[in-house]
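What you are looking at is a predicted structure, and each value in this text was computed from that prediction instead of being measured.
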Amino acid sequence: MSEFDFLSGIDEVPPTPILIAPQPVLRQVTRDVRPEDMAFIREQLPGMFSAMYKAPGIGLAAPQVGHSLRFALVDVAEEDAPREPIVLINPEIVSDSEQMAVREEGCLSLPNQYAEVVRPESIRVRYRNLAGDIIEKEASDLLATCIQHEMDHLEGILFVDHLSTIKRNMIMRRLAKEQKLKRR
């Protein structure tokens, strides 16, 4: 039995609603996951993975669905390739490269908004998996970007916070306008 057996029927699982900026929980620093939180996290994962895959997205952090807990999920597998889900519990970056990479980022909490963000090209991340094991993983390219993006969410940081004030304000105004039109 794999820790991701629940993914076999994920297409039938109702997606957890994703919060849209400027929801306050998106700006909060999360608290560490404790052992007593694990049952709750396991309950949340099917809906979170469903939401991420249906969006479609490659990462989702707990604050994006209203939970101020330090965990996130990522899956950067190509659309037609087998899924490669990772759940990062209490992640921390233990090292990163001096080499930087520029990659266009978007966010499920800022729908239809994109910008180029500069981040370390590769990282080494330490986290607990669902079994409670401590994992250290090297990540580069898209996976490194995705993990850093999701870990930012755990600190109350959005990808637009890496941009100039002018670019950030432009994106946030455009998002607010689109959300207002959507509510009509």
Point to revise | cation_pi(Arg83, Tyr53) dist<6.0 Å, angle<=45 | key: yes
Study note, to complete from the structure: One should read off an interatomic distance between Leu73 CG and Ile89 CD1, to the nearest 0.5 angstrom, of 10.0 Å
Exercise for review: For Gln28 and Leu26, indicate whether the former's side chain and the latter's backbone hold a donor-acceptor pair under 3.5 Å.
Suggested key: no
Practice item. Consider only side-chain N and O atoms of Gln64 and Ser109, and report whether a donor and an acceptor are under 3.5 Å apart. Key: yes
Check your understanding: Taking 4.0 angstrom as the limit, do Glu155 and Arg70 come out as a salt bridge?
Key -> yes
Point to revise | Salt-bridge contact Arg27-Asp161 (side-chain N to carboxylate O under 4.0 Å) | key: yes
Check your understanding: Can you list the residues that meet the ring pair (Phe, Tyr, Trp, His ring centres under 6.0 Å) rule with Tyr114, with sequence neighbours excluded?
Key -> none
Review point. Which pair of heavy atoms, one from Ala77 and one from Pro82, lies closest together, and at what distance?
Key: CB-O, 3.3 Å
Point to revise | Whether Thr16 side chain and Ala51 backbone form a donor-acceptor pair below 3.5 Å | key: no
Exercise for review: Verify, without hydrogens or angle tests, whether Glu92 (side chain) and Arg126 (backbone) share a donor-acceptor contact under 3.5 angstrom.
Suggested key: no
Check your understanding: Is it true that atom CD of Glu78 has more than 12 heavy atoms of other residues, nucleotides or ligands lying nearer than 6.0 Å?
Key -> no
Review point. Applying salt bridge (Lys or Arg N to Asp or Glu O under 4.0 Å), which residue pairs with at least one partner in residues 162-175 are found, sequence neighbours left out?
Key: none
**Study point:** Side chain to side chain, Val160 and Leu175, heavy atoms closer than 4.5 Å
**Key:** no
Point to revise | Geometric class of the His67/Phe40 ring pair [parallel <30°, tilted 30-60°, perpendicular >60°] | key: perpendicular
Check your understanding: Counting distance only, does the side-chain N/O of Ser50 pair as donor-acceptor with the main-chain N or O of Val13 below 3.5 Å?
Key -> yes
Check your understanding: How far does CE of Met48 sit from CD of Glu43, to the nearest 0.5 angstrom?
Key -> 13.0 Å
Review point. Short question: side chain of Thr30, backbone of Leu154 - any donor-acceptor pair under 3.5 Å?
Key: yes
**Study point:** Same apolar cluster (I L V M F W Y, side chains within < 4.5 Å links), Leu163/Leu110
**Key:** yes
Point to revise | Glu98 atom CD: more than 12 heavy-atom contacts under 6.0 Å | key: no
Exercise for review: Treat each ILVMFWY residue as a node, draw an edge where side-chain heavy atoms are under 4.5 Å apart, and state whether Leu108 and Val76 are in one component.
Suggested key: no
Point to revise | Shortest non-hydrogen contact from Lys54 toward Ile10 | key: NZ-O, 4.3 Å
Check your understanding: Out of Arg31, Arg42, Arg128, which residue meets the salt bridge (Lys or Arg N to Asp or Glu O under 4.0 Å) rule with Asp37?
Key -> Arg31
Review point. Quick check: are there more than 12 heavy atoms from other residues, nucleotides or ligands sitting under 6.0 Å from CG of Leu181?
Key: yes
Point to revise | Check: Glu84 main-chain N/O paired with Asp75 side-chain donor or acceptor under 3.5 Å | key: yes
